[in-house]
Amino acid sequence: MKNKFTHIGEKNQPKMVNVGDKKITKRSATAKATMFLGSEIIAHFKEAELVTKKGPVFQTAIIAGIQAVKKTSELIPMCHPLLINGVDIDIKIIDKTDIQILCTVAIEGKTGVEMEALTGATIAALTVYDMCKSISQKMILKEVKLLEKSGGKSDIKNG
């Protein structure tokens with residue numbers, strides 16, 4: 001029986017997938033993080049932003065998410081270093097207690113950017129937590145998921 005995990009070699013040892021023979025294609029991925037902040041924190045927001053002693057929460061979280069996208073290969077061992085074409089992170093309040101973070105990453109390359117999008121969304125959420133924890137520590141990072149990816153062998157849409 002052949003191993004279906006691409007990061008496990010013939011001797012059952014970890015390996016980094018060789019993408020040398022793959023064609024360069026346009027690839028993108030979008031990940032979504034949903035986070036419970038609670039009404040106490042949301043009440044402090046004015047015009048979709050909260051400025052704390054540490055600075056503007058959403059703007060800082062967006063910058064942190066972009067930095068995380070660029071450092072994904074340093075954090076996740078089998079991810080390839082990539083030349084990122086663009087990162088777009090959008091954070092919005094979706095109701096009286098929750099926010100949504102969307103992270104879209106685009107490249108022209110030989111491997112996908114799903115892990116980069118997931119990492120960007122997660123680190124943006126953790127940055128929101130860090131910047132708001134002085135108000136409340138009841139925040140919950142509820143869900144992080146891949147919404148869609150395109151390019152490469154398959155396209156995925158998880159809605």
Side-chain angles (χ1 to χ4, degrees), residues 1-37 48-50 54-95 98-133 137 139-159:
M1 185 163 121
K2 186 160 170 69
N3 183 355
K4 292 186 179 203
F5 291 103
T6 58
H7 291 89
I8 304 292
E10 290 178 18
K11 295 180 182 173
N12 212 27
Q13 297 293 319
K15 73 170 191 168
M16 188 175 205
V17 173
N18 185 343
V19 297
D21 292 333
K22 288 184 165 189
K23 289 188 172 150
I24 293 174
T25 60
K26 286 187 177 186
R27 297 163 183 263
S28 69
T30 300
K32 176 173 84 169
T34 52
M35 186 172 176
F36 169 84
L37 294 187
E49 181 60 281
L50 169 61
K54 292 183 177 185
V57 174
F58 287 178
Q59 290 179 33
T60 303
I62 289 168
I63 293 167
I66 292 169
Q67 287 181 310
V69 165
K70 296 189 300 184
K71 293 191 170 285
T72 300
S73 68
E74 296 174 33
L75 300 168
I76 301 175
M78 302 307 170
C79 286
H80 293 79
L82 302 173
L83 293 173
I84 304 295
N85 287 355
V87 179
D88 185 20
I89 298 177
D90 180 59
I91 306 175
K92 65 182 177 185
I93 298 168
I94 56 174
D95 61 31
D98 292 16
I99 64 169
Q100 171 183 280
I101 301 166
L102 293 176
C103 177
T104 300
V105 182
I107 65 163
E108 289 178 33
K110 296 182 174 193
T111 187
V113 286
E114 300 94 325
M115 296 310 300
E116 287 74 10
L118 289 161
T119 301
T122 302
I123 294 301
L126 291 173
T127 301
V128 170
Y129 189 103
D130 179 54
M131 295 190 72
C132 293
K133 67 185 181 201
Q137 292 189 349
M139 292 172 283
I140 301 167
L141 185 51
K142 292 168 42 171
E143 178 182 49
V144 177
K145 71 178 186 176
L146 181 67
L147 286 183
E148 59 184 57
K149 83 162 205 75
S150 64
K153 270 195 276 186
S154 61
D155 290 346
I156 296 171
K157 225 172 184 41
N158 292 326

Within the side chain of K70, is there an N or O that forms a donor-acceptor pair under 3.5 Å with the backbone of E116? no
Closest non-hydrogen atom pair between G152 and T25, with its separation: N-OG1, 3.7 Å
Sub-3.5 Å donor-acceptor pair from the side chain of N158 to the main-chain atoms of L146, do we have one? yes
Could you check whether any side-chain heavy atom of T30 comes within less than 4.5 Å of a side-chain heavy atom of C103, counting everything from C-beta outward? no
Note: L147 and L102 closest approach over all heavy atoms is CD1-CD2, 3.6 Å
Between T119 and I76, is the side-chain contact (heavy atoms from CB on, under 4.5 Å) condition met? List the steps. CA-CA 9 Å; T119 301; I76 301 175; 3.8 Å; yes
Distance (rounded to the nearest 0.5 Å) between D130 CG and L126 CG: 9.0 Å
Gap between atom CD of E148 and atom NZ of K157 - 0.5 Å precision: 3.5 Å
What pair of heavy atoms forms the shortest contact from T60 to G55, and how long is it? OG1-C, 4.5 Å
Just do the side-chain contact (heavy atoms from CB on, under 4.5 Å) check on S154 and K149 with the steps written out, would you? CA-CA 8 Å; S154 61; K149 83 162 205 75; 4.0 Å; yes
Does a side-chain heavy-atom distance below 4.5 Å link V105 with I84? yes
Considering all heavy atoms of both residues, which atom of L118 and which atom of V144 are nearest to each other, and what is their separation? CD2-CG1, 3.8 Å
Suppose we screen for salt bridge (charged side-chain N to carboxylate O under 4.0 Å, His left out). Which residues come up paired with K145, at least two apart in sequence or across chains? none
Straight-line distance of T127 OG1 to I62 CD1, nearest 0.5 Å: 11.0 Å
Considering all heavy atoms, the nearest A121-A33 contact: O-CB, 3.9 Å
Report yes if some heavy atom in the side chain of F58 is under 4.5 Å from a heavy atom in the side chain of I63; otherwise report no. no
Look at atom NZ of K92 and say whether more than 12 heavy atoms of other residues, nucleotides or ligands are closer to it than 6.0 Å. no
Distance col, row F36:CZ vs E143:CD, nearest 0.5 angstrom, shows 16.0 Å
Sidechain-backbone polar pair: R27 side chain, G109 backbone, donor-acceptor under 3.5 Å: yes
List the steps, then state whether side-chain contact (heavy atoms from CB on, under 4.5 Å) holds for I101 with I89. CA-CA 7 Å; I101 301 166; I89 298 177; 4.0 Å; yes
If only atom types and distance count, is the side chain of H80 paired as donor or acceptor with the main-chain N or O of G112 below 3.5 Å? no
Please step through side-chain contact (heavy atoms from CB on, under 4.5 Å) for the pair S73 and L82, ending with a clear verdict. CA-CA 8 Å; S73 68; L82 302 173; over 6 Å; no
Please indicate whether K22 has more than 12 foreign heavy atoms, meaning atoms of other residues, nucleotides or ligands, lying under 6.0 Å from its NZ. yes
Quick check: does any side chain N or O of E108 sit under 3.5 Å from a backbone N or O of I24, one acting as donor and the other as acceptor? no
Answer yes or no: is there an ion pair linking K110 with D21, defined by an N-O contact shorter than 4.0 Å? no
Just how far is it from atom SG of C132 to atom NZ of K54, taken to the nearest 0.5 Å? 9.5 Å
V57 vs E49 side-chain heavy atoms within contact, under 4.5 Å: yes
Any side-chain heavy atom of M78 sitting closer than 4.5 Å to one from V17? no
Residues G120 and V69: closest non-hydrogen pair is CA-CG2, 3.8 Å
Please identify each residue that fulfils side chain to side chain donor-acceptor pair (under 3.5 Å) with K142, with sequence neighbours left out. D98
Could you give the distance from CG (D95) to OG1 (T34), rounded to the nearest 0.5 Å? 10.0 Å
